[in-house]
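Position 1 is the first residue of the sequence; numbering continues from there. Worth saying up front: this structure is predicted, and the values here are computed from it rather than measured.
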Amino acid sequence: MTKLNVVILAAGKGTRMFSDKPKVLHALAGKPLVQHVLDTANILNPQQICVVYGHGGEAVPLAMSGYDGKFVIQQPQLGTGHALQQAMPFLSDDSLTLVLYGDVPLIQHKTLHTMQKAGDGLVLLTVHLDNPSGYGRIVRGQDNDVQSIVEQKDASPEQLEITEVNTGIMLAPTAKLREWLSKLGNNNAQGEYYLTDIVAMAVEQSVTVHTVQPAHRWEVEGINNKTQLATLERIWQQEIAGKLMTQGVTLADPARLDVRGEIICGRDVEIDVGCIFEGKVTLADNVKIGAYSVIRNATIGSGTLIAPYTHIDNSEVGPNCHLGPYARLRPGTKVAEEAHIGNFVEIKNSEIGKGSKANHLTYIGDSTVGCRVNIGAGTITCNYDGANKHRTIIEDEAFIGSDTQLVAPVTVGKGATIGAGSTITKDTPAGELTLSRSKQITVAGWQRPVKGKK
Ligand code: UD1
Ligand code: MG
């Protein structure tokens, strides 16, 4: 196949977003619009990707700095043809150039592949719309061949009746494109250099103009305002939900799922309503996720049950665990198999060993907890002295009584027991009971104070 260049036009202002952020940096499914287009373009393995940016200054290249694409500024913005001209110095003549749009995020590589296979010449991606208002119309001759594209503002009443419209996405031989672009004028209703004018030039030179339709309408939906953004977000989430269900995932309600990244599911996974998955999340076989849980960059082992309202961030959870409701795993947490982490338990940068339990109202930070440890309600690892963080080590089979403070750095030995209500500041020996508590006394005859007269 001929070498491919991709140019992504993304210089437009996005006035109707009413935002200080360039339009193409607004997120759909947790990812900037233009990054969706870049990711899809990369699947085609092109020789070069150029992103034409302009409005919003350096914000677009800065946000996309991880991409080795070429970022070309268009200043001022004089139309789509002018935008493409800015990229031409970076494209080689022995290639094809594919034009994509930074605000048309959901174009799929299969559709672009169909365009690549359409034949030599100019390939336009078009759609038929019940309401074509606002779009450039595809004008066909008597033989049904494409003659030109006419913009809404320049169209005659008859042309306005045409329902086949230009999506903007096109594929052209680069050398021809360079020649046509150099001849563009701006003598039209908007005083802009229209990319679409190259179609009539191709026809004049008897270059074949092919048309291809996208596999789905939503692939060519552009975003101009927050309503369109939200609508396309829902369409995309329904697509993701559909794919998951096809793979056998049980979704309590496919309309109440948000995947902002990548989710990989094993067999017999069940996800209740209102869950949000961000970054890369892997759920092994038989995992059940309770309602309104938020899980980001995490792996969950097989058979683990996550009760509602649990938050997991950059953590690993082993198989057959029970988490939540209302548990919070912060970055750097590793929970081994068969552990139980209950309500209002927060864990950060810690390892919890096999079969250990922290079931109620606890903070475990910067800690290494062994296997079969029982951590009583209200236990706190005091990991921060105001300047530095210190580690707490709790060895296998230790039992931490309720309402204990473990002032780090500190080690609780294997099989040690800590009496409830203790403040532990020194290492505690293995196998022994340690407690730090003043003796209980009863003050005989003590009276509660009574309210004084005003
Ligand atoms: C364009 C097409 C129209 C098509 C429609 C599909 C032209 C002349 N018209 O019209 O046939 O039906 O898209 O949505 O091409 N951009 C730049 N620099 C500029 C102008 C635009 O980078 O100077 C970018 C915008 O950021 C946007 C895209 O090009 O991503 C399209 O621009 P827009 O102004 O929306 O073109 P339309 O008038 O909608
Ligand atoms: Mg537009």
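Under the 3.5 Å distance criterion, the side-chain polar atoms of Tyr67 are left unmatched by any main-chain donor or acceptor of Gly69. For Thr282 (side chain) and Thr299 (main-chain N/O), no donor-acceptor pair under 3.5 Å exists by modelled atom type. When atom types are taken as modelled, the side chain of Glu432 and the backbone of Ala416 share no donor-acceptor pair closer than 3.5 angstrom. A donor-acceptor pair is defined here as one N or O able to donate and one able to accept, closer than 3.5 Å; such a pair exists between the side chain of Thr333 and the backbone of Ile347. A donor-acceptor pair under 3.5 Å is absent between the side-chain atoms of His128 and the main chain of Val165, judged by distance alone. Side chain of Thr211 to backbone of Leu124: no donor-acceptor contact under 3.5 angstrom is found. Looking only at distances, a side-chain donor or acceptor of Gln152 sits under 3.5 Å from a matching main-chain atom of Gly134. The backbone N or O of Cys371 sits less than 3.5 Å from a side-chain atom of Asp396, completing a donor-acceptor pair. For Asp94 (side chain) and Lys3 (main-chain N/O), no donor-acceptor pair under 3.5 Å exists by modelled atom type. Between the side chain of Ser422 and the backbone N or O of Thr404, no donor-acceptor pair lies under 3.5 Å.
With no hydrogens or angles considered, no side-chain donor-acceptor pair links His390 and Asp366 at under 3.5 Å. For the residue pair Thr362/Glu346, the side-chain donor-acceptor check at 3.5 Å is not satisfied. A donor-acceptor contact closer than 3.5 angstrom links the side chains of Glu219 and Thr111. Thr97 and Thr174 share a donor-acceptor pair across their side chains, judged by distance under 3.5 Å alone. In the model, Lys23 has a side-chain atom that pairs as donor or acceptor with a side-chain atom of Asn224 under 3.5 Å. With 3.5 Å as the limit, one finds a donor-acceptor pair spanning the side chains of Thr196 and Glu151. The closest side-chain donor-acceptor pair between Thr368 and Arg391 falls under 3.5 angstrom.
When side chains are defined from C-beta on, Phe71 counts as touching Met64, because their heavy atoms get closer than 4.5 Å. Annotation: side chain of Leu33 is in contact with side chain of Leu229 (closest heavy-atom distance under 4.5 Å). Put simply, the side chain of Ile400 reaches to within 4.5 Å of the side chain of Val412, judged on heavy atoms. Side-chain contact between Ile271 and Ile263 is present, with heavy atoms from C-beta onward closer than 4.5 Å. The shortest side-chain heavy-atom distance between Leu125 and Val123 does not fall under the 4.5 Å cut-off. Side-chain contact between Leu112 and Leu44 is present, with at least one heavy-atom pair separated by less than 4.5 Å. Here the side chains of Leu232 and Ile223 are in contact, with some heavy-atom distance below 4.5 Å. Tyr101 places none of its side-chain heavy atoms less than 4.5 Å from the side chain of Thr167.
At a threshold of 4.0 Å, the pair Glu221-Arg217 counts as salt-bridged, since one of the basic side-chain nitrogens sits closer than that to a carboxylate oxygen. Remark: Arg296 engages Glu278 in a salt bridge, criterion side-chain N to carboxylate O under 4.0 Å. The residues Glu397 and Arg372 are annotated as salt-bridged, a charged nitrogen and a carboxylate oxygen being separated by less than 4.0 angstrom. Note on Arg234 versus Asp258: salt bridge recorded, some NZ/NE/NH1/NH2 to OD/OE distance being below 4.0 Å. Salt bridge status for Lys31 with Asp39: present, with a side-chain N to carboxylate O gap under 4.0 Å.
Ring-plane geometry between Tyr193 and His82 is classed as tilted, the angle between the planes lying from 30 to 60 degrees on a 0 to 90 degree scale. His340 and His322 have tilted rings, their planes meeting at an angle from 30° to 60° on a 0 to 90° scale.
The side chain to side chain contact (heavy atoms under 4.5 Å, CB included) with Leu406 is formed by just one residue from the set Asn383, Ile393, Thr379; it is Thr379.
Rounding to the nearest 0.5 Å gives a distance of 4.5 Å between CD1 of Ile424 and CD1 of Ile418. Here Ile300 contributes atom CD1 and Leu323 contributes atom CG; the two are 7.0 Å apart, rounded to the nearest 0.5 Å.
Between Cys50 and Val72, the shortest heavy-atom distance links the atoms SG-CG2, 4.2 Å. Nearest heavy atom pair, residue Ser302 against residue Val287, reads CA-CG2, 4.2 Å. Of all non-hydrogen atoms in Asn166 and Tyr135, the two that sit nearest each other are O-CD2, 3.8 Å.
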Determine, stepwise, if the pair Gln108 / Thr40 fulfils side-chain hydrogen bond (donor to acceptor under 3.5 Å, both in side chains).
CA-CA 7 Å; Gln108 299 296 294; Thr40 303; 5.3 Å; no
Before giving the answer on side-chain hydrogen bond (donor to acceptor under 3.5 Å, both in side chains), spell out for Ser19 and His26 the whole-Å C-alpha distance, their side-chain angles and the decisive distance to 0.1 Å.
CA-CA 9 Å; Ser19 167; His26 286 263; 3.1 Å; yes
